[in-house]
Amino acid sequence: MPSIDRIKKPKTHRGKRAILKKEPQLLESAKQTLCIKGSTSSKLAHDCMKDFYDLKKPDAQMMTKKNEIRPFEDITPIEQFVTKLNAPLFMFTSHNKKRPNNLIMGRMFENSLLDMVEFGIENYIGLKEFKIPKIATGIKPLLIFNGDIFENNREYGRIRNLLIDMFHRESAKNVRLQGLEHVISFTARDNKILLRSFRIFLKKSGTRTPRIELEEIGPHVDLVVRRTQLASDDLFKQSCKKPKELKAKKKKNISEDPLGKTLGRVHMGAQKLNKIQTRKMKGLRKTMTERKEERKRKMLDTSETTNIKKIKPISV
């Protein structure tokens, strides 16, 4: 008899809160990244993943033990780790003679694999080798993608989307110029993605716009694209679908002109201008003679109506 998966109900309030926390939220916080070390991982690959872990903190978790996992053959162990630790992003390092210094980046959708890309690490210079002050933990980086291949190639376009997910933090509505301290650049060239990390300095320029200088702070690495396992277009479209509650509701009779001004159309009923109470002014008051004439006119009108009522129709 096949075993039936039973739904585990929480027995305590703490367990109930933990289960509700793992459920999809309308406004989710920054995605957690799980860093996993393979059983045959090299020191260079592990140091590179450790640098990415330092850039991603505090939205990252590092597993200390080695794991016998081959993601492209069986992704089930990683799916179990990701589900348990509530980390939809993962990085995995491995090393062998055919594919030395491997770094695998991937992401999950509904606790199953969505996209996964295998990179080879070349020309690596770690954070420790740059003897300069580092940026503070938790700073939002600017992500720059150079190269037409990111726009023209479907595979590289999906890799760009994966890298944005990997290094993205909480969404910000407003940006303060002095808060822009870190920039990560990705340049696609010759089947490689050149990753460079810089610190931003704002210098005086004599105008309101400051002069920008960049200083490389590491890590410095060339990522060679080796293998990819990407989701179908339908599944990717489903994963990007926004809930109805977050979609902006279309407002009727409101538009914008080319200058950016908001224009609105208001529908109003028939206006009775004769009965509208206007502002009373002394200059518009009737004189004494006008009042007497109006009073005489009303008296004549009333007398005429009474005489008409007294006349009886003649019967023939």
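Side-chain contact of N102 with R226: a donor-acceptor pair under 3.5 Å is present, judged by distance alone. A donor and an acceptor atom, one from each side chain of Q32 and N86, are nowhere located under 3.5 Å apart. Side-chain polar atoms of Y156 and N191 form a donor-acceptor pair below 3.5 angstrom. Between S232 and D234, the side chains place no donor N or O within less than 3.5 Å of an acceptor N or O (distance only, hydrogens not considered). Side-chain contact check for T228 and E155: at least one donor-acceptor pair (N or O, by modelled atom type) lies under 3.5 Å.
R160 pairs by the side-chain hydrogen bond (donor to acceptor under 3.5 Å, both in side chains) definition with E151, not counting sequence neighbours. With sequence neighbours excluded, the residues forming a ring pair (Phe, Tyr, Trp, His ring centres under 6.0 Å) with F145 are F150, F186, listed by chain and number. E73 meets the salt bridge (Lys or Arg N to Asp or Glu O under 4.0 Å) test with no other residue; sequence neighbours excluded. Residues passing the salt bridge (Lys or Arg N to Asp or Glu O under 4.0 Å) test with R211, sequence neighbours excluded: E213. Remark: N96 pairs with K98, R99 by the side chain to side chain contact (heavy atoms under 4.5 Å, CB included) rule, at least two apart or across chains. By the side-chain hydrogen bond (donor to acceptor under 3.5 Å, both in side chains) test, T289 pairs with T287, sequence neighbours left out. For P141, the side chain to side chain contact (heavy atoms under 4.5 Å, CB included) partners at least two apart in sequence or on another chain are L143, R169, H182, I184. With sequence neighbours excluded, no residue forms a salt bridge (Lys or Arg N to Asp or Glu O under 4.0 Å) with E181. Remark: N253 engages R265, H267 in a side chain to side chain contact (heavy atoms under 4.5 Å, CB included) (not counting sequence neighbours). Scored by the side chain to side chain contact (heavy atoms under 4.5 Å, CB included) test, Q229 finds F72, L113, M116 as partners (sequence neighbours excluded).
For the pair I125/P219, no side-chain contact is recorded, criterion being any heavy-atom separation below 4.5 Å from C-beta on. Residues I104 and V117 are not in side-chain contact: their nearest non-hydrogen atoms beyond the backbone lie 4.5 Å or more apart. Residues T33 and M91 meet the side-chain proximity criterion, which asks for heavy atoms closer than 4.5 Å. Side-chain contact between E216 and R196 is present, with heavy atoms from C-beta onward closer than 4.5 Å.
Salt-bridge check for D47 with K43: passed, with a basic side-chain N closer than 4.0 Å to an acidic carboxylate O.
Other members of the cluster containing V224 do not exist, because no ILVMFWY side chain is joined to it at under 4.5 Å.
For the side chain to side chain contact (heavy atoms under 4.5 Å, CB included) with K57, the lone residue among D54, D59, L55 that qualifies is D54.
Residues in residues 88-141 take part in no ring-ring contact (aromatic ring centres under 6.0 Å, His included) pair, two or more places apart or across chains.
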